[in-house]
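First comes the structure, then the notes that go with it.
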There are 4 protein chains.
Amino acid sequence: MGSKERIARLKSELRKDILYAALAILKNDGRQSLSLRKIADRIEYSPPVIYSYFKNKEAILIALCELCYQQFNGCIEKNCRKLTNPEERLTAIVTTCWNFAIDEKEMYNLMWEVGSTCTDPFTQFKELGLFLNFLSETLKNLCGKKVCTEEYLLHKSQTAIAVMHGHICLNYTLSNADPKLRSRMLNETILYVMNLINDYNLTPHELNNHY
Amino acid sequence: MGSKERIARLKSELRKDILYAALAILKNDGRQSLSLRKIADRIEYSPPVIYSYFKNKEAILIALCELCYQQFNGCIEKNCRKLTNPEERLTAIVTTCWNFAIDEKEMYNLMWEVGSTCTDPFTQFKELGLFLNFLSETLKNLCGKKVCTEEYLLHKSQTAIAVMHGHICLNYTLSNADPKLRSRMLNETILYVMNLINDYNLTPHELNNHY
Amino acid sequence: MGSKERIARLKSELRKDILYAALAILKNDGRQSLSLRKIADRIEYSPPVIYSYFKNKEAILIALCELCYQQFNGCIEKNCRKLTNPEERLTAIVTTCWNFAIDEKEMYNLMWEVGSTCTDPFTQFKELGLFLNFLSETLKNLCGKKVCTEEYLLHKSQTAIAVMHGHICLNYTLSNADPKLRSRMLNETILYVMNLINDYNLTPHELNNHY
Amino acid sequence: MGSKERIARLKSELRKDILYAALAILKNDGRQSLSLRKIADRIEYSPPVIYSYFKNKEAILIALCELCYQQFNGCIEKNCRKLTNPEERLTAIVTTCWNFAIDEKEMYNLMWEVGSTCTDPFTQFKELGLFLNFLSETLKNLCGKKVCTEEYLLHKSQTAIAVMHGHICLNYTLSNADPKLRSRMLNETILYVMNLINDYNLTPHELNNHY
DNA sequence: CATGAATGAGATTTCATTCAT
DNA sequence: AATGAATGAAATCTCATTCAT
């Protein structure tokens, strides 16, 4: 494929169709049965067409993952951007993550699966980077007047993602937990994430003992 | 020993062989290339024998998962049981989990993968239940004289597992992090797990605000 | 496949059937259209069966090449072994090669094609080694009472193969040459091969100038 | 220059581009991965253009083969034309062939592969014809004052090509031969080619016995 | 009880070629 | 003149599972 052609195809409608077909299969039939053949069937084209738009299956997965991050970040923006109070915003962020993970389990799992194979998902996936920054910005506001380094905030944000992910996975495994327990788990998750920032209030001596 | 018993024992032997073959393939070649054919090759039997011991591939995965939990719990027992000081023991538990996840990534991932498909992994997998109790017991000691309900301790233990898992997954994705950052992440994980129990020291009123 | 099983299959009838099917396709349809699917069709089995007997297509080609060498060497043995006079025998060898290359062009080409990809075809393919030795033995007799080293004879034998191959390839390209020219080419080939051994009669001084 | 001419020139340019793209792919990726798609990519045109210049893939291969012969003959001209002493020139010819075959294995193989499918490569490929004549002229000079027929010289030239090709193929198969052996093989090849002309010194009676 | 034999279904991928525009 | 779009046909290979023996 010539570079001109390739660039054109990147913007193509069919490329989008392929990705959305993949997304639909992912949601309906699950990660395991996401095959090129099924994608081709769904868009009512022959399988080789796909190779005009993606190098191979891995490339599709990565692009699909990107799409998932876009949709995820879209939820976050929609639900949380408007909130100005940092506690409220952080609560909304965690809640949105939580619900996204429940409602879109296949997407959520794909995001972590593909992320694990990348060198640096936070830079590779633009929308994940945006989310990280949004989280970071929120945590900064939460600190109030205290000055935190950018690096510190990013690290805490990643930790927040980790803590949320852990609870989400736990929630997956407790498949017959009652709604009350689930709701409690969500609340706790919010709490833990909120408290991540607290140790910044520790005295230097206490901090020393921590790290 | 009657022939019946002998036969039963032999049967049980082969079952083990199958599982250990599966484990070896999992470790060496990875989850994706774990096939019945390969297992059969390794035990030098023909594929259909496997169906005498397991209903289908899924059943093998579940049993294999159990084996992984056994090995995992073995590590925990070996490294942590002897420690009597609760802080030390908890530190050892988190560290052991962390290292197991690094050294046996395939096993660790399988444990969560299969766990996600089960109704209740904590009761289905005996060794996971044992680990949960061990964690619970450790947390109890950490509380000192304060009285905590069994249920509370189990819940906190699950939360600890969640927090650890989150950090472990984050560690997986940060594939080019330097050892110093990784070491810091481990320390933080220990810290967070340790502090899980702290809110028990909150006043009832504060607790109310939490949940 | 367990090793026991694999060994059994090496002797299996079906394995032979696969190879002879491949040979038939090679002869009839040519090297380019030799596919696993066609082989499976011809033996009236499904394609995956082939993988019970051969690791992959390359393994089939190598085994097929071996079969070609066997058939080739069979011709040589049949036509030449009985001749005791060294000139007559050498003449018969060259003639047999020549005719084999004409009658079994696809086989002949495959033998060189696969041979080119091997590290050392003369040891890898037993029958090619036998042919080399037979040639070497013949050249030795041609030398008469003069003593030649084994190494020298093997080298000359390889050279003989090279000279024959060159003429055979030339013969392939001259596709509209008349039979008289072809016959003359064969005679010349015999002559050149016969003379390969002549420089052994050179004085040491002359030999020095050669190498 | 009229627009007609300009268009014709442009057309001829693109034809060249196609061939040189094919050549580059042949050299870099090998004969097997020479596809129309890849050629189109490389010239940054779409695949169908190629069909404006060539009937099908086979036609490209033939034209590519011609290009290879041009390059080959270019080497010969450059390295050998200047030498006037016939022995020196013949030595240079064989050496140049030998090195070309080593350095440009893919090209060399293609030349013989395509050559085998043509009716008469020596007339079809102009540069191969030139090479043949050059060889023939050299052999003629080697004969000295003796008179040889044109036909005889051409035949001997073809034979020389055959002998060289045989040794070159042998050199390909002996993939782990040491440089000393290879160098010896080259020397022998030179020697054999040089001696091809010698039997012209035979008496008519001896010649009769030969043919 | 054990297995050799076999397969259907399906995976990813490549390629030469066509054709409406 | 050029191409974007598309495809049919084919390639190799893997796998879980079945069943007669």
Side-chain angles (χ1 to χ4, degrees), chain A residues 1-2 4-6 8-9 12-15 32-41 43-60, chain B residues 7 10-11 14 32-40 43-60, chain C residues 1-2 4-6 8-9 12-15 32-41 43-60, chain D residues 7 10-11 14 32-40 43-60:
Chain A
M1 201 177 344
K4 231 172 160 181
E5 202 184 324
R6 194 171 52 244
R9 295 206 169 186
S12 145
E13 206 57 36
L14 191 45
R15 188 179 188 273
Q32 281 313 314
S33 53
L34 177 57
S35 73
L36 298 192
R37 205 184 274 194
K38 271 196 182 168
I39 294 174
D41 278 359
I43 60 175
E44 301 196 302
Y45 279 89
S46 65
V49 179
I50 298 175
Y51 288 88
S52 301
Y53 298 88
F54 298 94
K55 200 193 156 207
N56 51 26
K57 194 184 182 183
E58 196 198 345
I60 294 180
Chain B
I7 288 168
L10 280 175
K11 183 151 183 172
L14 192 43
Q32 281 313 314
S33 54
L34 177 56
S35 72
L36 296 194
R37 178 100 242 175
K38 269 194 186 169
I39 295 174
I43 60 173
E44 300 202 304
Y45 275 84
S46 65
V49 241
I50 298 176
Y51 289 89
S52 305
Y53 299 88
F54 299 94
K55 198 193 154 203
N56 53 24
K57 194 182 183 184
E58 197 198 345
I60 295 180
Chain C
M1 198 176 351
K4 232 172 160 181
E5 204 185 322
R6 195 172 50 246
R9 293 207 171 186
S12 145
E13 206 58 35
L14 191 46
R15 189 177 187 272
Q32 281 314 316
S33 53
L34 178 57
S35 74
L36 297 192
R37 204 183 274 193
K38 271 197 184 168
I39 294 174
D41 279 359
I43 60 174
E44 300 197 302
Y45 278 88
S46 65
V49 178
I50 298 175
Y51 289 90
S52 301
Y53 298 88
F54 298 94
K55 201 193 155 207
N56 52 26
K57 194 184 182 182
E58 197 198 344
I60 294 180
Chain D
I7 288 168
L10 280 175
K11 182 151 182 170
L14 192 43
Q32 281 314 314
S33 55
L34 177 57
S35 72
L36 297 193
R37 179 99 242 175
K38 269 194 186 169
I39 294 174
I43 59 173
E44 299 201 306
Y45 276 85
S46 65
V49 242
I50 298 176
Y51 288 89
S52 306
Y53 299 88
F54 298 95
K55 197 195 155 202
N56 53 23
K57 196 183 182 183
E58 197 198 344
I60 296 180

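Each chain gets a letter, A, B and so on, in the order its sequence line appears, and its residues count up from 1. In what follows, every heavy atom counts, from backbone to side chain, and hydrogens, waters and symmetry copies are set aside.
- In this structure, CD of Gln32(D) is placed 14 Å from P of dA11(F), rounded to the nearest angstrom.
- A distance of 4.5 Å separates CD1 of Ile60(A) from CD1 of Ile39(A), quoted to the nearest 0.5 Å.
- Separation of atoms CG (Leu14(A)) and OH (Tyr45(A)) is listed at 5.0 Å; rounding is to 0.5 Å.
- The closest side-chain heavy-atom distance from Asn56(C) to Leu36(C) is not below 4.5 Å.
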Dump the pairs, protein N or O against N or O of nucleotides 18-21 of chain E, anything under 3.5 Å, distances to one decimal.
none

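- Summarising the geometry, the separation between CG on Asp41(C) and C1' on dA11(F) is reported as 13 Å, rounded to the nearest angstrom.
- As a whole-Å value, the separation of Lys38(A) NZ from dG10(E) C1' is 11 Å.
- A residue-by-residue look at Lys57(D) and Ser46(C) shows that Ser46(C) has its nearest nucleotide of DNA chain E further toward the 5' end.
- For the pair Tyr45(A) OH and dG8(F) P, the computed distance is 13 Å after rounding to whole Å.
- In this model, the phosphate group of dG4(E) is not approached by any side-chain N or O of Tyr53(C) to a distance below 4.0 Å at OP1 or OP2.
- Contact between the side-chain N/O atoms of Ser52(D) and the OP1/OP2 oxygens of dA1(F) is not found at any separation under 4.0 Å.
- Of the side-chain N and O atoms in Arg37(D), none sit less than 4.0 angstrom from OP1 or OP2 of dC15(E).
- Following rounding to the nearest Å, Glu58(A) (CD) and dT13(E) (C1') show an atom-to-atom distance of 14 Å.
- For the pair Asn56(A) and Leu36(D), both in contact range of DNA chain E, the more 5′-proximal nearest nucleotide belongs to Asn56(A).
- Interatomic distance, Ser46(B) OG to Arg37(B) CZ, rounded to the nearest 0.5 Å: 8.5 Å.
- Whole-Å rounding puts the Ile39(A) CD1 to dG10(E) P distance at 16 Å.
- The nearest whole Å value for the distance from the CZ atom in Arg15(A) to the C1' atom in dA5(F) is 17 Å.
- Rounded to an integer number of Å, the gap from CD1 of Ile50(A) to P of dG8(F) is 14 Å.
- The residue among Leu34(B) and Leu34(C) whose nearest nucleotide of DNA chain F lies closer to the 5′ end is Leu34(C).
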Exercise. Reading DNA chain E 5' to 3', how would its secondary structure be written in dot-bracket notation, given Watson-Crick and G-U pairs with both distances under 3.5 Å, brackets [ ] for crossing pairs and | for partners on other strands?
Worked result: .||||||||||||||||||||
